[in-house]
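Beneath this line is the structure, given in structure tokens, with notes to follow.
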Number of protein chains: 2
Amino acid sequence: MVSVSVKDVANLAGVSVGTVSNVLNHPARVAPATVDRVSSAIAKLGFVRNAAASQLRAGLSRSVGLVVLDSANPFFAELARGAEDYAATQGVSVLVGNSGESSAREETYLDLFEEQRVRGILLSPVGDITPRLERLRSRGIATVLVDRHTHNTAFSSVAVDDIAGGKLAAEHLIQLGRKRIAFVGGPLHIRQVSDRLEGARTALRAAGLPDPEILEVPSMSLPAGRDMGQKLAARDPRELPDAVFTANDMLGLGVMQGLLVNTRLRVPEDIALIGYDDIAFAESALVPMSSIRQHAADLGRQAMELLLEESAAADGYTHRQVVTLPSLVVRASTQGR
Amino acid sequence: MVSVSVKDVANLAGVSVGTVSNVLNHPARVAPATVDRVSSAIAKLGFVRNAAASQLRAGLSRSVGLVVLDSANPFFAELARGAEDYAATQGVSVLVGNSGESSAREETYLDLFEEQRVRGILLSPVGDITPRLERLRSRGIATVLVDRHTHNTAFSSVAVDDIAGGKLAAEHLIQLGRKRIAFVGGPLHIRQVSDRLEGARTALRAAGLPDPEILEVPSMSLPAGRDMGQKLAARDPRELPDAVFTANDMLGLGVMQGLLVNTRLRVPEDIALIGYDDIAFAESALVPMSSIRQHAADLGRQAMELLLEESAAADGYTHRQVVTLPSLVVRASTQGR
DNA sequence: AACACAAAATGAATCGTTTCAATCTAAGTG
DNA sequence: CACTTAGATTGAAACGATTCATTTTGTGTT
């Protein structure tokens, strides 16, 4: 368990420790020949900088924290990738924590990141923790919120515009000539669900069409969607909507199963179907399913940009709330009649 | 950006810095009344230990690194959760890095962890990097390998026994009375694929049945499975297998689609179907699909146990290769005829 | 009241790096 | 050749916690 320090490197290279440090951190200040000599000493000894000592003296860490609500969720996985990729270009590494929607775990990670004196934190918060964020700020740790539209302009945030997404989906269905559109989602008090519904409603009204029929489901899962699909399939055909917009893809895939299996209904001929999120399975469904894509990687990149910008800025930084627009992905489930 | 140090806490509590440190790290050595006084000073000042300083002096970090091949893959997500949960009980935090199968990114994370002087590293390696592991060890950083059966007894490892999994699947099919079993998977040079096939073959031979028909596919994806399913459905019924075992669930779901959509075939009546991995969608498939579950969280927990044990042990630690057995999950796709 | 002994508290030294004022070197100028 | 100046290098101080040999305090015994 040998430990090689800058001192050892300095000895071997025949320079002072200050020079070694400069080679590591400000190579331009050092004569090229010296850089070479020090570099090869580093290589020969297998020197690896001790991050703890470096950070202690320099005061600033090379890492930022990221706390996600659910690391298994592809949305967050993609977001993390986007954030990491951008951070990497800035020589910053990302420590990822998974709160799993638990406030306690969220707290634990924030504590950890605070001890580590990270440069900043990207957070998809479990609940409202403004006090905690203010404490972090008073310690010089910037925080950018992800995936929640905060009207709190005291913090920067990034979010996807769910209302616009709902509008996009409904407009697409309207353009196909569909007139009786149903919305499947729930519970309705969840912000994402109600926003997506609101967007759809707005689009329908703008087109002079009646409000969507709201089919509330107990959860955003495939079985819940399948149950609703089967209920629809059992209806008198004259009572059927001619298009269904589901609040996420799991529901959409479920509805598709319910509509198609052991019935005479066809998608999209009888009912057009569009989901939300564009998960990998949407493309491989029985009938490839149209969806709304959120560009999570972009979101992650933008969030990281804001974070690094803020952490480098002086006091009095003007915080920004970035809202990104989702886009429409058209597949067979909404094509042709 | 105020910074509170042990010194400030010591002043307020009217004790020395050494005592504050003892309250933080060895409370039993300090009189209860003093612990209280120091604790309330900590609370009042909002003191948070500087991890860099602590680690620099104490020499050992409270974190371990985890590098996974693909953080979006549910197997690794679950594994990470298991590892983190156990680590948390030991007061250790986990830094997760995603190599995305890229050697370069893997290297970057190992460098980072080495700088951080983590206690140990849990690694699902991209390629063979024994030299790198030996360098880490010479620095006192233990490494446990995940998800690859190393015959290299110089390192501890955990892995799932894919041969046993294949055997489990085939034995289940045999017990159902199926006699003509096909295997769908590929490319065959992938270890997981060939192991699962080998397990199936072993079970068939033991039962006195012919070797499985091998249906090689170009990738382990749903569309590849669907193509194969459609090819099967187009066969003369007398040429059909009476059971199909796929090397993973994506293929299984695809085969199911290909077999069922626009054909007269039924699952399981005509063809029983079993997948591998037990992903969330297996349960929600058209016909809920039987599968082999790998217990990734357990695997993660065991790997972390090994890692912490080794990192706490003296030199000459005896490394262990743990192989866990997967289990059978029976659903509708293999029940009834 | 003197002594012994354990428990509690002290504080200077230390970890390995970065910083920065001071020093040295070499090339350029009049 | 003396002098200036920019560039290169030096090395001691500092970051904030932990450690541990030493001192202080407190309790019980004779």
Side-chain angles (χ1 to χ4, degrees), chain A residues 1-39 41-42 45-63 91 111-112 114-119 139-140, chain B residues 1-39 41-42 45-63 91 112 114-118 139-140:
Chain A
M1 201 177 340
V2 283
S3 194
V4 181
S5 74
V6 277
K7 202 176 280 184
D8 302 316
V9 174
N11 284 145
L12 181 59
V15 298
S16 72
V17 292
T19 299
V20 176
S21 175
N22 279 331
V23 169
L24 255 26
N25 303 295
H26 311 279
R29 292 189 194 158
V30 181
T34 313
V35 172
D36 286 350
R37 207 141 35 86
V38 172
S39 299
I42 287 176
L45 296 175
F47 167 80
V48 174
R49 181 219 258 92
N50 182 325
S54 163
Q55 185 175 322
L56 173 59
R57 173 63 234 221
L60 121 172
S61 140
R62 306 216 151 282
S63 19
D111 287 347
L112 173 67
E114 208 175 328
E115 282 199 4
Q116 304 254 351
R117 303 290 194 269
V118 294
R119 237 185 241 204
R139 286 198 153 54
Chain B
M1 195 165 1
V2 284
S3 194
V4 181
S5 75
V6 278
K7 203 176 279 183
D8 302 315
V9 174
N11 284 144
L12 180 60
V15 299
S16 72
V17 293
T19 300
V20 176
S21 175
N22 279 332
V23 169
L24 255 26
N25 303 294
H26 311 278
R29 293 187 195 162
V30 181
T34 312
V35 172
D36 286 349
R37 211 143 31 87
V38 171
S39 300
I42 288 177
L45 295 175
F47 167 81
V48 173
R49 181 218 261 98
N50 182 324
S54 164
Q55 184 176 321
L56 172 59
R57 174 62 236 229
L60 121 172
S61 139
R62 307 214 151 283
S63 14
L112 174 67
E114 207 175 330
E115 281 198 4
Q116 303 256 349
R117 304 291 195 266
V118 295
R139 286 197 154 51

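First the proteins, then the strands, lettered A, B, ... as listed; each starts at 1.
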(request) Mind calculating the distance between CG (B:L56) and P (D:dG16) to the nearest angstrom? (result) 12 Å
(request) For the pair A:D8 (side chain) and A:S5 (backbone), establish whether a donor and an acceptor sit closer than 3.5 Å, ignoring hydrogens and angles. (result) yes
(message) I need the CG-P distance between B:L60 and C:dG16, as an integer number of Å.
(response) 14 Å
(message) How close do A:S39 and A:V23 get, counting heavy atoms only, and between which atoms?
(response) OG-CG1, 4.3 Å
(message) Please report the distance, rounded to the nearest Å, between CZ in A:R117 and P in C:dT17.
(response) 21 Å
(request) Using five pairs at either end of the helix from C:dA1-D:dT30 to C:dG30-D:dC1, determine the angle between the two local helix axes and round it to 10 degrees. (result) 40°
When you compare the protein's N or O atoms with those of nucleotides 9-13 of chain D, which come within less than 3.5 Å of each other, and at what distance?
{"unit_1": "D:dT9", "atom_1": "OP1", "unit_2": "A:T34", "atom_2": "OG1", "d": "2.4"}
{"unit_1": "D:dT9", "atom_1": "OP2", "unit_2": "A:A31", "atom_2": "N", "d": "3.0"}
{"unit_1": "D:dT10", "atom_1": "OP2", "unit_2": "A:S16", "atom_2": "N", "d": "2.8"}
{"unit_1": "D:dT10", "atom_1": "OP2", "unit_2": "A:S16", "atom_2": "OG", "d": "3.1"}
{"unit_1": "D:dT10", "atom_1": "OP2", "unit_2": "A:T19", "atom_2": "OG1", "d": "2.8"}

(request) For A:V17 and A:K7, work out which heavy atoms get closest and say how close. (result) CG1-CA, 3.8 Å
(request) Applying side chain to side chain contact (heavy atoms under 4.5 Å, CB included) between A:V38 and each of A:V9, A:V6, A:L12, A:N22, report the one that passes. (result) A:V9
(request) Would you mind telling me which residue lines up with the more 5' stretch of DNA chain C, B:P32 or B:A58, judged by nearest nucleotide? (result) B:P32
(message) Can you measure B:R49 atom CZ to C:dC15 atom P for me and round it to whole angstrom units?
(response) 20 Å
(message) Let's go through A:R37 and A:V30 carefully: what are the C-alpha distance in whole Å and the side-chain angles of both, what is the deciding distance for side-chain contact (heavy atoms from CB on, under 4.5 Å) to 0.1 Å, and is it a yes or a no?
(response) CA-CA 11 Å; A:R37 207 141 35 86; A:V30 181; over 6 Å; no
(message) If the cut-off is 4.0 Å, is A:N50 near the phosphate of C:dT17, judged by side-chain N/O to OP1 or OP2?
(response) no
(request) Please check if the side chain of A:Q55 supplies one atom and the backbone of A:Q116 the other of a donor-acceptor pair under 3.5 Å. (result) yes
(request) Locate the shortest heavy-atom distance separating A:R119 from A:R62; write the atom from each residue and the value. (result) NH2-NH1, 3.5 Å
(request) Give, for atom CG of A:L24 and atom OG of A:S54, the distance between the pair rounded to the nearest 0.5 Å. (result) 8.5 Å
(message) If you compare all heavy atoms of A:A13 against all heavy atoms of A:A41, which two are closest, and at what distance to 0.1 Å?
(response) CB-CB, 4.0 Å
(request) Verify the contact: side-chain N or O of B:S21 to OP1 or OP2 of D:dA17, cut-off strictly under 4.0 Å; return yes or no. (result) no
(request) Quickly work out the B:Q55 CD to D:dC15 C1' distance and round it to whole Å. (result) 15 Å
(request) Calculate the interatomic distance between B:I42 atom CD1 and D:dA17 atom P; express it in whole Å. (result) 10 Å
(message) Using a 4.0 Å heavy-atom cut-off, does A:S5 contact any base of the nucleic acid, only the sugar-phosphate backbone, or nothing at all?
(response) sugar-phosphate
(request) Give a yes/no answer on whether the side chain of A:H26 brings an N or O atom under 4.0 Å of OP1 or OP2 in C:dT19. (result) yes
